[in-house]
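Counting from 1, the numbers follow the sequence of the chain as shown.
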Amino acid sequence: MTHPKAATDGVALEDALRESEERFRKIFEHSHDAILVLDPARDTILDANPRACELLGYPREELLSLPISAVHPAEIPRLRAFVASVHDQGHGWTDELSCLTRAGGVVPVEISASIIDVGGVTSILAMVRDISGRRRAEAEREQLLGQLENERRQLEEVLRQMPAGVIIAEASSGRLILVNEQVEQIWRHPFPPAQDLKHYYQRRSGLRLDGRPYDPEEWPLVRSVSTGEVVRDEEIAIVRGDGTPGTMCVSSGPVYGREGHIVAAVGTYHDVTERKRAEGALRMLAEAGMILASSLDYEATLQRVATLAIPRLADWCAVDIIGEDGQVRRLAVHHADPSKTDLADQLRSQYPRYRADMRATAGLPKVLQTGRSEFYPEVDEAQLAALARNPEHLRTTQQIGMRSILIVPLVARGRVLGAIACAYAESGRRYTMADLALAEELARRAALAVDNARLYREAQRAVRVRDDFLASASHELRTPLSHIKGFVSTLRQTDVEWDEETRLDFLNEIERETDRLAGMIGNLLDMSRIESGGFAPTELSPVGVLTIIERGLDRVRGLLGGRRVVVDVPEDLPPVLVDAAQMERVVANLVENAAKYSPPATQIRISAKSLKGEVELHVEDGGPGVPPEHLERIFEKFFRCEGTGSVVPGTGLGLAICRGIVLAHGGRIRAENYPGGVRLIVRLPIAPAVPGEVS
């Protein structure tokens, strides 16, 4: 017999069990996750909720009739291994795998499994969640991340390959995020990552265009990352890692985040060193042109050009000029630092005036000899010793500390007029081929200015000579005319009866003055013919040198004024091939010139000798000599040698005519001083050996 209370408790227990089952069933039926009850031992699906049927696309009855492997291919071994591990370790299992749908599709799912006991059978309760959306989101995220990574790499590659330098700095830390190779090429210095930009720029040297240095917080990139300033095309003069100067053009700007805060800054850098050098070179040449055109005093303008080269082209600059006497004179030595004046004066004093060594193999003498530049980008002690003229000069250059040198010639119309020497010392700079080209262009313009100034001086001198000639010629022409007129007037006097001897003396004087006048006019006509190119020997024949000398002397015996003429000519001297009349004129003019410039009662010596296919004729006077700078000029028309102590009559055409005649015969003529006076030297070609008599 059942106790009433026990029966009541049983009913209540059954009701509670039914409620629990009903609650579980509702949860099972209405769960948003698929729920499967699996028996891996028998490969069967024991139960499935509607969400599981919906996920897999099966009706419930059909799904429950399928093996587990129908929806979870190749997962049975994992499920069985899970059951065994739960018994051993007592833990659940969560994993991601794939399910097959009725339509043949594959659904990625996350499964959370635990062990349950269904009717005495150990089974698996699997909570299955469709993660297709999550997988798609993850795939899209991975795709976006990959795309962002590719874009980041492309951006970095673009920045690295840009012709401009690029630096990206992080705002929060000041760390350099990116520095491309072009920045390192501009600075010629590596750019390792830095924790703080201001600290980084403490190790960099930069100058504004006005010469003021940059403080660390004043660099464009620092201003952009700190204050948001946008900097455009700011030019900065820098000293690069190798010690050479450079100029870069910098632009920078901030990068803002979504919230409007500065997160980074980007700076771009362009190397404009060559452009600035070219601009500076053009300005320097323009200024040099103005200086050179401002005055015809080329010595003063060259000194100003030497100062102009500093510091654009040199720490030291010297200018040397070749004078009309062939000697080299140092016009200027300049340095930008006034404290170096003593050294500059010392250099100048070591080269007051000298003749260039034509055997030199280096340095300034070689430039003056060859007319070609000398370029020493890097000078060591051995090269300094080779360039020095003497130990004293070497000590001075060592004291100056020259480390890079270039020497360029001043050349105009094929003539070397001098040279400009430039040197870098304490600045540490080194010359490049661009510097050499600039110096050569500066020297070319300076040489033209020097040549123009000299031509102007020569033109002025020629005008003075012409005026002097006209004054002298008018006097010289009037003198014989006055004498002739005087003698004629005297002879025509009717109140005086002249004896025959006196009358003949008067007639001889008239004849002599007439010959003198005819000679002057002949000189003018001959000079005109020589200059017009219409003068040439007419009758060339072998003529003995002694014959030419004697006939030439006959023309001027009346002009010697008591001076004795000594002739020294070997008897076996070969004849010369000349126009005899013209060459007699040469001898006469040379002897007349010797008589004019030597005191009375002195000796005029005429000699000749044979030299390598030529005959050399000398006419020596006993006068005071000719200043060395005038030895070439005495053969110019109208030139009168100054400084001889007396005014010499004449038109100044005699030696010019001699030169024209000698050159027309293929000969040469020159003058030289010797201890007793001046020696005039004529060289003429020897006549070829042909049958016939020699006159």
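Listed for the N49 side chain is a donor-acceptor partner under 3.5 Å among the backbone atoms of F28. Remark: the backbone N or O of K26 is paired with a side-chain donor or acceptor of H30 at under 3.5 angstrom. With hydrogens and angles ignored, the 3.5 Å screen pairs no side-chain donor or acceptor of S112 with any backbone N or O of M127. In this structure a side-chain-to-backbone donor-acceptor pair under 3.5 Å is missing from S98 to V107. With hydrogens and angles disregarded, a donor-acceptor distance shorter than 3.5 Å links the side chain of T273 to the backbone of T247. Looking at S252, its side chain does come within 3.5 Å of a backbone N or O of P220 through a donor-acceptor pair. Judged by distance alone, the side chain of T307 and the main-chain N or O of R304 form a donor-acceptor pair under 3.5 Å. Side chain of D43 to main chain of I68: a donor-acceptor pair is present (N/O by atom type, distance under 3.5 Å, no hydrogens or angles). The backbone N or O of L125 lies less than 3.5 Å from no partner atom in the side chain of D47, so there is not a single donor-acceptor pair. The closest donor-acceptor contact from the side chain of R240 to the backbone of P245 lies under 3.5 Å.
Smallest separation of non-hydrogen atoms from L292 and V305: CD2-CG2, 3.7 Å. The minimum heavy-atom distance between I186 and G165, with the atom names listed, is CD1-N, 4.4 Å. Looking at every heavy atom in both residues, V109 comes nearest to D130 through CG1-CA, 4.3 Å. The two residues V333 and W316 come nearest to each other via the heavy atoms CG1-CE3, 4.1 Å. The heavy-atom pair separating E110 from T94 by the smallest distance is CG-CG2, 4.4 Å. Nearest heavy atoms, A48 versus L63: CB-CD2, 3.5 Å.
We find that R283 and E287 are not joined by a salt bridge, their nearest charged nitrogen and carboxylate oxygen being 4.0 Å or further apart. With respect to R444 and E440, no salt bridge is recorded, no charged nitrogen being found less than 4.0 Å from a carboxylate O. Comment: E138 engages R134 in a salt bridge, judged by a side-chain N to carboxylate O separation of less than 4.0 angstrom. A salt bridge is defined here as a Lys NZ or Arg NE, NH1 or NH2 lying under 4.0 Å from an Asp or Glu carboxylate O, and R212 with E218 fails to meet this definition.
In this structure the side chain of Y256 reaches within 4.5 angstrom of the side chain of I262, judged on heavy atoms. Residues P254 and V230 have side chains in contact (heavy-atom distance under 4.5 Å, counting atoms from C-beta outward). Looking only at side-chain heavy atoms (C-beta outward), V408 and V367 stay at 4.5 Å or farther from each other. V250 places none of its side-chain heavy atoms less than 4.5 Å from the side chain of W219. Residues S251 and V231 are not in side-chain contact: their nearest non-hydrogen atoms beyond the backbone lie 4.5 Å or more apart.
To the nearest 0.5 angstrom, I124 atom CD1 is 12.0 Å from I45 atom CD1. Atom CD1 of I238 and atom CG of D271 lie 7.0 Å apart (nearest 0.5 Å). Taking CZ of F375 as the start and OG of S404 as the end, the distance is 6.5 Å to the nearest 0.5 Å. Residue L46 holds its CG atom at 8.5 Å from CG of L64, rounded to the nearest 0.5 Å. To the nearest 0.5 Å, atom NE2 of residue H270 and atom CD of residue Q182 are 10.5 Å apart. To the nearest 0.5 angstrom, L313 atom CG is 9.0 Å from I420 atom CD1.
Other residues, nucleotides and ligands contribute at most 12 non-hydrogen atoms within 6.0 Å of the CD atom of Q143. Counting non-hydrogen atoms of other residues, nucleotides and ligands closer than 6.0 Å to CZ of R60 gives a total above 12. The neighbour count for R129 CZ, taken as heavy atoms of other residues, nucleotides or ligands under 6.0 Å away, does not exceed 12. Counted within 6.0 Å of CD on E62, heavy atoms from surrounding residues, nucleotides or ligands total more than 12; the atom is thus considered enclosed.
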Quiz prompt | Chi angles and distances behind the side chain to side chain contact (heavy atoms under 4.5 Å, CB included) call for V179, Y269 | solution = CA-CA 11 Å; V179 179; Y269 303 79; over 6 Å; no
Practice problem: Please step through side chain to side chain contact (heavy atoms under 4.5 Å, CB included) for the pair E378 and R430, ending with a clear verdict. | Solution: CA-CA 7 Å; E378 193 79 35; R430 298 296 184 268; 2.9 Å; yes
Practice problem: Dump the intermediate steps for side chain to side chain donor-acceptor pair (under 3.5 Å) on S31 and D33, then the final yes or no. | Solution: CA-CA 5 Å; S31 173; D33 291 328; 4.9 Å; no
Quiz item: When you look at R445 and E441, which way does the salt bridge (Lys or Arg N to Asp or Glu O under 4.0 Å) test go after all the steps?
Solution: CA-CA 6 Å; R445 299 186 182 201; E441 178 60 22; 2.9 Å; yes
Quiz prompt | side chain to side chain contact (heavy atoms under 4.5 Å, CB included) assessment of L436 paired with S373 | solution = CA-CA 8 Å; L436 177 62; S373 301; 4.0 Å; yes
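When only modelled atom types and interatomic distance are considered, E217 and S226 share no side-chain donor-acceptor pair under 3.5 Å.
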